[in-house]
> 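Mind having a look at this structure? Questions to follow.
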Amino acid sequence: MIGRGALADLVMGARMAVTGGREGWTRALLTAVGVGIGVAMLLLATAVPGALDARQARGDARDDLRMGEQVAAGPGTLLVHPVDAEFRGRPVRGRLLRPEGPAAPVPPGLTALPGPGEVVVSPALRRLLDSPAGPLFAPRLGGARVTGTIADEGLAGPHELAYYQGDDRLTDASGATRLDRFGGGLPGEGLGPVLMLLVAVIFVVLLLPIAVFLGSAVRYGGERRDRRLAALRLVGADTTMVRRIAAGEAAAGALLGVAVGIGFLLAGRQLVPLVTLYDISVYASDIRPPVALLLAVVLAVPALAVLVAMLALRAVVVEPLGVTRRGTPVRRRLWWRLLLPAAGLALLLPVAGLREGEGGITRWLVPAGAVLLLIGTVTLLPWLTDLLVRRLRGGPVPWQLAVRRVQLDSATSARLVNGIAVAVAGTIGLQMLFAGIAGDFTTASGQDTTRAQVQVQFRDQPDLAGVLRQLGGAEGVTAATGTLSTGANVGSPDGPPVEIRVGDCAALAEFARLDRCVDGDTFLASDPGDPVAVPAGAMLTVEDGSRWRVPTTARAAQARPDPAGWMQNGVLVTPGAVAGTLGPLRSTVYLQLDPAAPDAVEHVRNATAAIDLTTPVSVLSSTIESPRFADIRRGLAIGTVVTLVLIATSMLVGTLEQLRERRRLLAMLVAVGTRRSTLGWSVLWQTALPVGVGLVLAVGFGLALGAALLRMVQAPVSVAWPVVGFSVGLGALTVLAVTGLSLPLLWRLTRADGLRTE
């Protein structure tokens, strides 16, 4: 139980945190803002998994994929055909619907199914249609009339482009899926051990700078607090009372910061629907920190504030007439500062072989080792800064002012840049890991983008000349080739399958290496590694049951991968060699686009929709990346952006607090003739010195972290120097931004009225 006297001391400290006139309120406001930013970021981090789960739940509720599930037609069934696409790099989710009875299921977010010629769109798609870019997208709706808007429960996020369109032409044969309900699809695949490692380290890298920032924010106003405590000692307070008062003041400031942080989160989440990062958007209601984690943050932040305050008081002796911190600081010891990074490496290096399996202990060793290694930058930064500035002498006046300030209190300067050092080190380590394992999650597609950039395959479109004329005439298309194809079997319907492809010589050359070709020729294309014997004159059974004989003049040709990367054995026929019918024919078209026409793909999609709304347009790419890996990389990019904003804000708040602490000194310097530009440069150098040291440490520890993580996944250790340079450049840019934003306050503090005192 806390005694009455101790409680009174704590209450006195809490009152001191929020009283003292304008000066006291300014100090409390700075502390509250600093702590509030950190608390808001922590709560946001705890809310991210829930927001993504809510987004996933809405996606699961509207799921219409049925892998192998057969549903009989009836009054409660619905035919659905996906028509997903892209528009200027943004994914578009489209569905064609045809009810088969009055009780057909309705997708989430809709009150009724759209009829033929009607379409219900998401709010983002409605805005797109109403924008100047709308006419470029509208043709894909086939002239359908917009009759409604999809509600929030039917969308993954507020910025999703989606629509449901009624189409009475859908049938089973057209590729539509029959279902009697939405939702209940297959569960998503889990993360493998390497991806779990990525997620764990990402959370460490993104959350650790926030914790470091909180530790710095709760120490704002430390010099003035020590002077107030000295005044209390003068009127009779003993050392124990002083510590209790300091604890009460720190806890009150932290609690005020927690309240401000919750306010920041509540206000900031209203802006969340306005933001889209890497095609991911969520609703404001999705940002809900779990109650348990919310209580943990509310309790942990004041406890951290009290702990930091007590640790800070250990370094000073509060006497009635002042504090000994104004004297020469004790030289910092190095040995214990090396223990943390050494322990981190000791935890990381023995863990290897994540490709074979994931042990339970690994999930704890990896984050723990990363935390200890990154904290090594925090512990070593003051020591290294102190070591550097002790040897600096001379130079211009701004440089001397900055060096002298850092010499007097290098720890305070180092605290401002700890976040940058940790973030840069973590970013370098993670990017090394991403680069090292990217090959495991990125595979070569085999597609040749030098021969074609777009492939369009129609399910049933025998008018190849019309298709080539329509697609080849789309804006931005420079060349178009195509073939007609159908499946067949050699001899009986149970014979070896082959593909019959009809086209001119230029089109057939995309599928085989032809020595010579004129209209009327036939070629038997086969892969030497997997030949299919189709002799000249063989009888083929076509898909529809009809029969077609291969001309006896057919010549052998070596098959080659088509632009889409597929190598097919079959019969290549020029139009002059086709005799009789070949049954149902499908059109396959390859298009080359003008790189100077950025919307060429969009015009191709519109031209394709004019022929058949259900035909997808495939953009060829030389590589295919794992969706899970891409999602994690996008998550890292989003988190890095948010963390960098936090670091810049924290440095700005800390710099403003330091300027406030020294306003009388700054005003005196101007009064005796120091130019304001000199003081501005001194602020820049005062920030740049510890930042430079911190970046050197960050590069070293980041490379060590990256090497350890790569060793764990048994990948070769390589350094992406452009990433290192980019990370260091971001740190330098942050220094310039913080200095520039702090100049207005510096000019105001250096006015003559800054000499006033009470």
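This is a predicted model, so every value here is computed, not measured. All residue numbers in this chain count up from 1 along the given sequence.
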> Atom CG of Leu620 and atom OH of Tyr590: how far apart are they, to the nearest 0.5 Å?
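So the gap between those two atoms works out to 7.5 Å.
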> Which residues pass the side-chain contact (heavy atoms from CB on, under 4.5 Å) test with Thr177, not counting sequence neighbours?
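Result, side-chain contact (heavy atoms from CB on, under 4.5 Å) vs Thr177: Arg66.
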> Please list all pairs passing the salt bridge (Lys or Arg N to Asp or Glu O under 4.0 Å) test where one or both residues lie in residues 136-151, with sequence neighbours left out.
Glu118-Arg145, Arg140-Glu602
> With Ala557, which residues qualify under side-chain contact (heavy atoms from CB on, under 4.5 Å), at least two apart?
Ala512, Leu514, Phe523
> Could you note down all residue pairs passing salt bridge (Lys or Arg N to Asp or Glu O under 4.0 Å) where residues 485-496 supplies at least one of them, sequence neighbours left out?
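Found none.
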> Does Arg586 come within less than 4.0 Å of Glu499, counting only side-chain N to carboxylate O?
yes
> Please list all pairs meeting side chain to side chain donor-acceptor pair (under 3.5 Å) that have one or both residues in residues 125-136, counting only residues at least two apart or in different chains.
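Sorted pair list: Arg126-Thr149.
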> Sequence neighbours left out, what pairs pass disulfide bond (SG atoms under 2.5 Å apart) with at least one residue falling in residues 467-528?
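Residue pairs with at least one partner in residues 467-528: Cys505-Cys517.
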> Taking only residues two or more places apart in sequence, or in another chain, which ones meet Ala488 in a side-chain contact (heavy atoms from CB on, under 4.5 Å)?
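For Ala488 the side-chain contact (heavy atoms from CB on, under 4.5 Å) partners, ignoring immediate neighbours, are Val498, Ile500, Leu540.
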> Got a sec, which residues hit side-chain contact (heavy atoms from CB on, under 4.5 Å) with Pro107, two or more places apart in sequence or on another chain?
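Pro107 satisfies side-chain contact (heavy atoms from CB on, under 4.5 Å) with Leu97, Leu110, Leu113, Tyr164, Phe182 only.
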> Using a 3.5 Å cut-off and no angle test, enumerate the donor-acceptor pairs between side-chain atoms of residues 474-483 and protein atoms at least two apart in sequence or in another chain.
unit_1 : atom_1 : unit_2 : atom_2 : d
Glu475 : OE1    : His603 : NE2    : 3.4
Thr478 : OG1    : Gln592 : O      : 3.0
Thr483 : OG1    : Arg501 : NH1    : 2.8

> Could you note down all residue pairs passing salt bridge (Lys or Arg N to Asp or Glu O under 4.0 Å) where residues 548-567 supplies at least one of them, sequence neighbours left out?
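Found Asp515-Arg555, Asp521-Arg555.
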> Between Asp64 and Arg93, is there a salt bridge with N-O shorter than 4.0 Å?
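Salt bridge: yes.
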> Could you work out, with salt bridge (Lys or Arg N to Asp or Glu O under 4.0 Å) as the rule, every residue matching Asp504, not counting sequence neighbours?
none
> Not counting sequence neighbours, list each pair that qualifies as a side chain to side chain donor-acceptor pair (under 3.5 Å) and has a residue in residues 96-109.
Thr77-Glu100, Glu100-Arg178
